[in-house]
Amino acid sequence: MDSVTDTFRLRLDLSYDGTDFHGWARQTRQGNADELRTVQGTLEETLSLILRAPVQLTVAGRTDAGVHAAHQVAHCDVPAGSLDQRSIDGDPRRLVRRLARILPEDVRVRDVSFAPPGFDARFSALRRHYVYRVTTHEAGALPTRARDTTVWPKPVDMQRMQREAESLLGLNDFAAFCKHRPNATTLRDLQVFSWRDISTVWEPELYEAHVCADAFCWSMVRSLVGACLAVGEGRRKAGFAAELLQERVRSSAVPVAAAKGLSLVGVDYPADECLAERATVTRNVRTLEG
């Protein structure tokens, strides 16, 4: 608890089906004040209702419209007294059941706990893990997986895609793969980028891309996946993706894979005693030399 402001910082571990959300971040409709349906807006309104206090969430990774999360992490600061209600009785874990009764079925909070000192869901994170599911089968995705599996219209060579993915590993400027944000760096440390054939009898020609980095910029994962798929189908030559690392602006040559195939599946944090230090390091402006 913050002794100055008498607030608690809570950590929330959550998941959602992003199909019917306009992304994580709160936003209004263009031209009027009506709010679009977002994960942040839905959660903040429900938490504020239960805790009887305004709640503002900070998230580990702000997912785009249509992107899913199997394991997302967020934090919020709440007045100490808000946890004293009879239904919660000072135990934040009891919020899980309360939230499950009110939240829509496409978003679920799996755990709520007191955050350790120095914890920041966004800046304390070491890395984020994503999985992208795609099928090239002529029948399309299995109906029970249609909401989280993209259909790619042409067959692909997975070995070509794997070689392309490996050429992008390391600390690089991924400007060609990112939508521009003012004053935002596009330097990222891509630590894992691997393709797997996970085909079965009922899901033939099914592939997964596993992507892990310290952080991702806007639309980066979908662009990395799209570049590999373009090489895999033969539309782009081998080495296409690596060549783009020399670009310093968004490249129109990069196909952006559909949002529905992408899921955030994990966020890694350091030991509790290193959380504050990690947050300080993350906030520093990065350079390729640094």
Between D77 and R9, is the salt bridge (charged side-chain N to carboxylate O under 4.0 Å, His left out) condition met? List the steps. CA-CA 4 Å; D77 297 324; R9 173 158 293 187; 2.7 Å; yes
Measuring from atom NZ of K260 to atom CZ of R133, what distance do you get when rounded to the nearest 0.5 angstrom? 11.5 Å
Going by heavy atoms in the side chains, are L126 and D214 under 4.5 Å from each other? no
Just by modelled atom types, is the F123 backbone N or O under 3.5 Å from a matching donor or acceptor in the T282 side chain? yes
Heavy atoms, side chains only, cut-off 4.5 Å: are R11 and C76 in contact? no
When rounded to the nearest 0.5 Å, the distance separating CZ of R283 from CZ of R278 is 11.5 Å
So, applying side-chain hydrogen bond (donor to acceptor under 3.5 Å, both in side chains) with Y16, which one of R108, Q72, H68 is it? Q72
For the residue pair L12 and V73, establish whether any side-chain heavy-atom pair is separated by less than 4.5 Å. no
For a quick test of reading the model, state the closest non-hydrogen atom pair linking A125 to V267 and the distance between them. CB-CG1, 3.7 Å
Contact between L99 and I50 at the side-chain level, heavy atoms closer than 4.5 Å - yes or no? yes
Could you give me the CA-CA distance, side-chain angles and deciding distance for D268 and R127, then say whether salt bridge (charged side-chain N to carboxylate O under 4.0 Å, His left out) is met? CA-CA 5 Å; D268 296 340; R127 62 191 68 85; 3.1 Å; yes
Please assess R26 against E45 for the test salt bridge (charged side-chain N to carboxylate O under 4.0 Å, His left out), listing each intermediate value before the final yes or no. CA-CA 11 Å; R26 293 191 88 129; E45 290 168 13; 3.1 Å; yes
The criterion is side-chain contact (heavy atoms from CB on, under 4.5 Å); which residues satisfy it with A74, sequence neighbours excluded? L14, W24, L57, V59
Return the minimal non-hydrogen interatomic distance between L171 and D189, and the atom names on each side. N-OD1, 3.7 Å
Salt-bridge criterion met for K179 and D64 (N-O under 4.0 Å): no
Can you name the nearest heavy-atom pair linking G140 to T135, along with the distance? C-CG2, 3.9 Å
How are the rings of F114 and F8 set relative to one another: parallel (under 30°), tilted (30 to 60°) or perpendicular (over 60°)? tilted
Tell me, do Q159 and R163 make a side-chain contact under 4.5 Å, heavy atoms counted? yes
Between V96 and R110, is there a side-chain heavy-atom distance shorter than 4.5 Å? no
Determine whether a donor-acceptor pair (N or O, by modelled atom type, separation under 3.5 Å) exists between the side chain of T280 and the backbone of A276. yes
Can you name the nearest heavy-atom pair linking V225 to F193, along with the distance? N-CZ, 4.3 Å
Taken to the nearest 0.5 Å, the spacing of S82 OG from L10 CG works out to 7.5 Å
For T136, what residues pass the side-chain contact (heavy atoms from CB on, under 4.5 Å) criterion, not counting sequence neighbours? W152, V156, E205, Y207
I'd like to know if R147 pairs up with D17 as an ion pair, taking the criterion as any Lys NZ or Arg NE/NH1/NH2 lying under 4.0 Å from an Asp or Glu carboxylate oxygen. yes
Under the 3.5 angstrom rule, does the side chain of S15 hit a backbone N or O of H71 as a donor-acceptor pair? no
Which heavy-atom pair separates R250 from C178 by the least distance, and what is that distance? CD-O, 3.3 Å
Please step through side chain to side chain contact (heavy atoms under 4.5 Å, CB included) for the pair M220 and L224, ending with a clear verdict. CA-CA 6 Å; M220 177 177 162; L224 294 174; 3.9 Å; yes
Here's one to test your reading of the geometry: is the NZ or CZ of R188 within 45 degrees of the ring axis of F174 and under 6.0 Å from its centre? no
Ignoring hydrogens and geometry, is there a side-chain-to-backbone donor-acceptor pair from T149 to A146 under 3.5 Å? no
So do Q27 and T38 actually touch side chain to side chain, heavy atoms under 4.5 Å? yes
Give a yes or no on whether L264 and L43 share a hydrophobic cluster (residues Ile, Leu, Val, Met, Phe, Trp, Tyr; joining criterion: side-chain heavy atoms under 4.5 Å apart). no
Report yes if the side chains of D89 and L83 come closer than 4.5 Å at any heavy-atom pair, otherwise no. no
Check for a donor-acceptor pair, side chain of E164 on one end and backbone N or O of A241 on the other, with a separation under 3.5 Å. yes
Does Y130 belong to the same Ile/Leu/Val/Met/Phe/Trp/Tyr cluster as V192, with side-chain heavy atoms less than 4.5 Å apart forming each link? no
Do L190 and L244 share a hydrophobic cluster, counting only Ile, Leu, Val, Met, Phe, Trp and Tyr and linking them when any side-chain heavy atoms are less than 4.5 Å apart? yes
Quick one: does S113's side chain have a donor or acceptor within less than 3.5 Å of a partner on R93's backbone? no
Could you measure the distance from the OG atom of S263 to the NE2 atom of H129? Nearest 0.5 Å is fine. 14.5 Å
Got a donor-acceptor contact below 3.5 angstrom from the H75 side chain to the A121 backbone? yes
Rounded to the nearest 0.5 Å, what separation is found between the CG atom of L95 and the CD1 atom of I88? 4.5 Å
Step by step, would you call T186 with R248 a side-chain hydrogen bond (donor to acceptor under 3.5 Å, both in side chains)? CA-CA 9 Å; T186 49; R248 292 299 172 261; over 6 Å; no
L103-V55 co-clustered via ILVMFWY side chain contacts under 4.5 Å: yes
Mind telling me whether F119 and Y269 have parallel, tilted or perpendicular rings, with 30° and 60° as the class edges? tilted
Out of N172, V256, V254, which one pairs with F177 under the side-chain contact (heavy atoms from CB on, under 4.5 Å) rule? V254
Using every non-hydrogen atom in the two residues, find where A60 and R128 come nearest and quote the distance to one decimal. O-NH2, 2.8 Å
Are V109 and L47 connected in the hydrophobic side-chain network, where two residues link if heavy atoms are under 4.5 Å apart? yes
How long is the span from the CD atom in E105 to the CG atom in D20, to the nearest 0.5 Å? 11.5 Å
Heavy-atom neighbours of R97 CZ exceed 12 at 6.0 Å: no
Has the side chain of R236 got a donor or acceptor atom that lies under 3.5 Å from a matching backbone atom of C228? no
